[in-house]
Amino acid sequence: GAMSLYHCDDLPFRLTYDETPKSFTELGAALGWEDIWTVAERTVGATTLRPPVAAPDAFTTIPMQYDGGMLQDLPGLLSEELLANDEKVLQRLGYTDDEIQQAFNWSAPMGGEPHARALLEAWLPHQTAACPGNGDNPQAPVFWDLPVGSGPGEGHDPLQWANLAKPDGWTRMSHYLAVGCISAREVCARAAETSNFAGVVHRLMWRELHRLNAIRFGRRLFWLQGPGWVERPWSWDLALVEAWKLGRTGVPYIDACMRELRTSGWLAYKGRKTTGYFLVFGLGIDWRMGAYHFEDVLLDYDCAMNYGNWVTVACIEKPRRANFESEASVADIVEAYRIDIEYKLSAEMANDPKGEYIRQWVPELQGVSDEFVHKPWAMSQEEMVKVGCVVGKDYPAPLLSPLQLSTKAEDWNVGDGDDGHLAVSRRRSGEHRVHPYDSSGRSYSRSEFLNFAASIGENEEYGENLWSESIFVPNVQKKFAELEAKIEAQEKELLALGREQPKQQIQEVPPPPQDP
C-alpha cells in the first residue's frame with residue numbers, strides 16, 4: 001500500500017514465507033537494484049517503482065450521523081473542548097503532572113503533512129557533494145561498528161554512512177513516515193536528483209525489508225525465540241529493566257541514549273542498536289521488554305521496524321549456529337558477549353572523544369574529564385571526589401562491570417561475522433588458538449588450555465591434546481576470508497546468470513496417480 005515503497009501488486013515474488021527474499025541483498029537483487037549496498041542504479045526490467053500520488057484538492061466531510069447515533073457519543077471519543085487543551089488531554093490519558101511538565105519542556109516536531117513536506121524540502125538542498133562534511137567518517141576504520149561493508153571511502157559518500165554514527169541522525173523523516181504524513185515514494189522521488197540518492201534508497205529499502213519480513217514471519221516476530229527459534233536463557237529482572245529505561249545503568253553512553261529517548265521520543269539509529277544490544281547481551285534481559293518500551297515511547301514507532309530491528313539486535317531473526325547449550329545461564333550469555341559490549345562502547349569513545357553527547361543528557365558527568373567521561377568507574381576515588389562525581393553515589397555504579405574500553409586500534413581484532421555482525425576479540429600477547437568443538441569461537445593461549453584441564457580434574461596431557469587439536473587464530477581468519485570470498489564470487493555469478501536468462505514459466509507438476 002501507500003505506506004510501502006513498492007506496491008504489493010508489482011512485486012516479482014509472492015508474499016509467502018518461502019518466496020519472499022530473506023535478506024537485504026536478496027531483496028535488492030529481486031527488485032532489480034544493481035548493488036543495493038553501493039549504488040542506486042537499476043537493471044533493465046527492474047520492478048516498477050510507482051510515482052507518488054498527488055494530494056487531493058478536497059477531503060470528504062466527516063458525517064455527523066453514524067448508524068443512527070451522534071459521533072460524539074462513541075465510547076472513548078475526546079470532546080473538541082478537551083482536545084483544545086493539551087495538558088487536559090494528557091491528564092485524561094493518565095500521565096502524571098511531572099511527565100506532562102517534562103513533555104512541555106521539550107520542543108517536539110510539529111505534526112501533519114505540511115510540516116513533513118517542509119522538512120523534506122529544507123533537507124533536500126543539503127544533499128549534494130558540495131556540502132561540507134557530507135560522508136565524512138569521524139572514526140578510525142577499526143571502530144566502524146556498523147553493518148555497512150567497508151564503510152565510507154575517500155571523497156564524497158553518496159550512501160552517507162557517517163550519518164549512521166551520529167546522534168542527530170540524517171533525514172529525521174521517520175516519525176512522519178510512521179504515521180503517513182508523507183510517503184516513502186514521495187521521499188524517494190524527491191531525492192532522486194540529489195547526490196545522496198543511493199543513501200535514501202538504502203534506508204528506504206531496509207524499511208521495506210522489515211515490512212515484508214513482518215508479513216513473512218507473522219506472529220513469530222513476537223515470540224521470545226524469535227523467527228529463528230533460537231533457544232537461549234533470559235532474565236526478567238524488573239529492577240534492571242527499570243534502570244535501563246530511566247538511563248540509570250551506570251554506563252554513560254547507554255544512559256545518555258535512554259534519557260534522550262525518554263525525553264524526546266526519538267533516538268538515532270546507532271543509539272537504538274547499541275542500547276538494545278546492551279539490554280539483551282549486557283544484562284541478559286528478554287528482548288521483548290525492550291521492544292515494548294520502544295513501542296511506548298518512540299514518536300516514530302512502526303511495528304515492523306521496531307520488532308524487526310529488535311529480533312535482529314537479539315540475533316534471533318533466523319536460526320543461528322551458536323545456540324547455547326541447555327545448561328547455559330544468563331551469566332554465561334553476558335560473559336560470552338562482554339567483549340562485544342566493550343567494543344561497541346569503545347566505538348562510541350572513538351566517535352565522540354570529548355563526550356559531548358553524554359554531557360548533554362547526563363549532567364552528573366559534566367565535570368568529569370574527557371578521559372573518563374565514557375568510563376567514570378576508571379577514575380580513582382580521589383579523582384571522583386575532586387570532580388564531584390563519586391560512582392555509586394552521584395552517578396550509578398555500572399550494572400555490567402568491570403568494562404574495559406579502549407580506542408587504541410592495536411587492542412582489537414575485528415573481522416566480518418554473520419550477517420553484518422562484527423567478529424570482535426581482544427589482541428593478546430602470545431599464540432592463541434581456537435578449538436574446533438568450542439561453539440563460542442573464542443581463542444585461548446596454551447596456558448589457558450592447561451588451566452582449563454586442571455579445573456575439570458584432568459591432567460596436563462589432556463590440556464596439551466586440546467592445544468594440539470586447536471587451530472592457530474590467523475589460520476582460522478585466513479580460511480574464513482577465503483571461504484567468504486568464494487561465497488561472494490558464487491553469489492555474484494548466480495545473480496549475473498539470473499539477469500541474463502529469461503524467466504521461464506513454472507509448469508505445474510501433476511500429482512502422482514492414486515493407487516486404486
Side-chain angles (χ1 to χ4, degrees), residues 1-11 24 27-28 31 33 36 40 42 47-60 62 83 86 106-128 131 134 158-160 163-164 166-215 261 264-269 271-272 294-295 297-309:
M3 292 291 284
S4 300
L5 187 60
Y6 285 88
H7 194 287
C8 58
D9 291 344
D10 299 332
L11 296 175
F24 185 70
L27 179 62
L31 295 175
W33 296 94
I36 198 63
R42 289 190 284 172
T47 302
T48 300
L49 190 54
R50 297 189 183 189
V53 178
D57 295 328
F59 293 92
T60 304
I62 299 176
L83 288 172
D86 290 341
W106 181 256
S107 178
M110 296 296 292
E113 181 179 335
H115 292 286
R117 287 212 166 109
L119 176 63
L120 178 62
E121 295 305 318
W123 177 83
L124 286 169
H126 297 282
Q127 306 314 305
T128 66
C131 285
N134 271 354
L159 279 98
Q160 292 291 281
N163 279 296
L164 291 177
K166 297 176 181 179
D168 50 358
W170 185 29
T171 69
R172 296 299 291 259
M173 298 294 298
S174 58
H175 48 297
Y176 291 120
L177 286 165
V179 294
C181 291
I182 197 167
S183 71
R185 293 174 199 162
E186 181 170 351
V187 174
C188 186
R190 294 291 292 116
E193 302 302 319
T194 70
S195 301
N196 294 332
F197 181 51
V200 174
V201 168
H202 189 272
R203 308 305 197 272
L204 292 177
M205 283 291 287
W206 270 112
R207 182 175 180 272
E208 200 77 355
L209 178 66
H210 283 305
R211 298 181 76 82
L212 292 171
N213 274 343
I215 298 171
L261 175 63
S264 70
W266 190 85
L267 191 59
Y269 168 85
R272 300 185 196 202
F294 276 27
E295 181 175 349
V297 298
L298 280 172
L299 286 177
D300 63 3
Y301 169 73
D302 174 292
C303 179
M305 289 286 288
N306 185 54
Y307 285 88
N309 273 313

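The structure displayed is predicted, hence computed values, not measured ones.
The two residues Arg50 and Asp10 have their closest heavy-atom pair at NE-OD2, 2.7 Å. The two residues Ala191 and Val200 have their closest heavy-atom pair at CB-CG2, 3.8 Å. Listed here is the closest heavy atom pair of Ala116 and Ile182: CB-CB, 4.0 Å. Residues Arg42 and Leu49 share a closest heavy-atom pair of NH1-CB, 3.4 Å. Heavy atoms only, all atoms of each residue included: Leu5 and Ala184 are closest at CD1-O, 3.8 Å. The shortest non-hydrogen separation linking Arg203 to Gln160 is NH2-O, 2.8 Å.
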Should Arg211 and Asp302 be marked as a side chain to side chain contact (heavy atoms under 4.5 Å, CB included) after you check the CA-CA gap, both sets of side-chain angles, and the distance that decides it?
CA-CA 9 Å; Arg211 298 181 76 82; Asp302 174 292; 3.1 Å; yes

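For the side chain to side chain contact (heavy atoms under 4.5 Å, CB included) with Trp266, the qualifying choice from Asp300, Leu299, Asp168 is Asp300, the only one to do so. Checked options Phe197, Phe24, Trp33; the residue passing with His202 is Phe24 (criterion: ring-ring contact (aromatic ring centres under 6.0 Å, His included)).
In this structure the side chain of Pro51 never reaches within 4.5 angstrom of the side chain of Arg185, judged on heavy atoms. Inter-residue side-chain proximity for Ile36 and Trp206 is flagged as unmet; no heavy-atom pair is nearer than 4.5 Å. Thr171 is not listed as a side-chain neighbour of Leu120, based on a closest heavy-atom distance of 4.5 Å or more. Contact check for Asn309 versus Arg272: no side-chain heavy atoms found under the 4.5 Å cut-off. Using a 4.5 Å cut-off on side-chain heavy atoms (C-beta onward), Glu193 and Gln127 make no contact.
The distance from atom OH of Tyr6 to atom OG1 of Thr47, rounded to the nearest 0.5 Å, is 6.0 Å. In this structure, the separation between CH2 on Trp123 and CE on Met173 is 8.5 Å, given to the nearest 0.5 Å. If you take CE on Met205 and CG on Leu212, they are separated by 8.5 Å, rounding to the nearest 0.5 Å. The CG atom of Leu124 sits 9.5 Å away from the CG atom of Leu119 when rounded to the nearest 0.5 Å. Interatomic distance, Ser183 OG to Glu113 CD, rounded to the nearest 0.5 Å: 9.0 Å. In this structure, CG in Leu177 is found 7.5 Å from CE in Met3, a value given to the nearest 0.5 Å.
Looking at Arg190 and Glu186, no side-chain N of the basic residue comes within less than 4.0 Å of a carboxylate O on the acidic one, giving no salt bridge.
The number of heavy atoms from other shown groups lying within 6.0 Å of CD (Glu121) is above 12.
Here Tyr176 pairs with nothing under the ring-ring contact (aromatic ring centres under 6.0 Å, His included) rule; sequence neighbours left out. By the side-chain hydrogen bond (donor to acceptor under 3.5 Å, both in side chains) test, Arg172 is found to be paired with no residue, residues two or more places apart in sequence or in another chain being considered.
Between the side chain of Glu295 and the backbone N or O of Asn306 there is no donor-acceptor pair closer than 3.5 Å.
Residues His210 and Tyr307 keep their aromatic ring centres 6.0 Å or farther apart.
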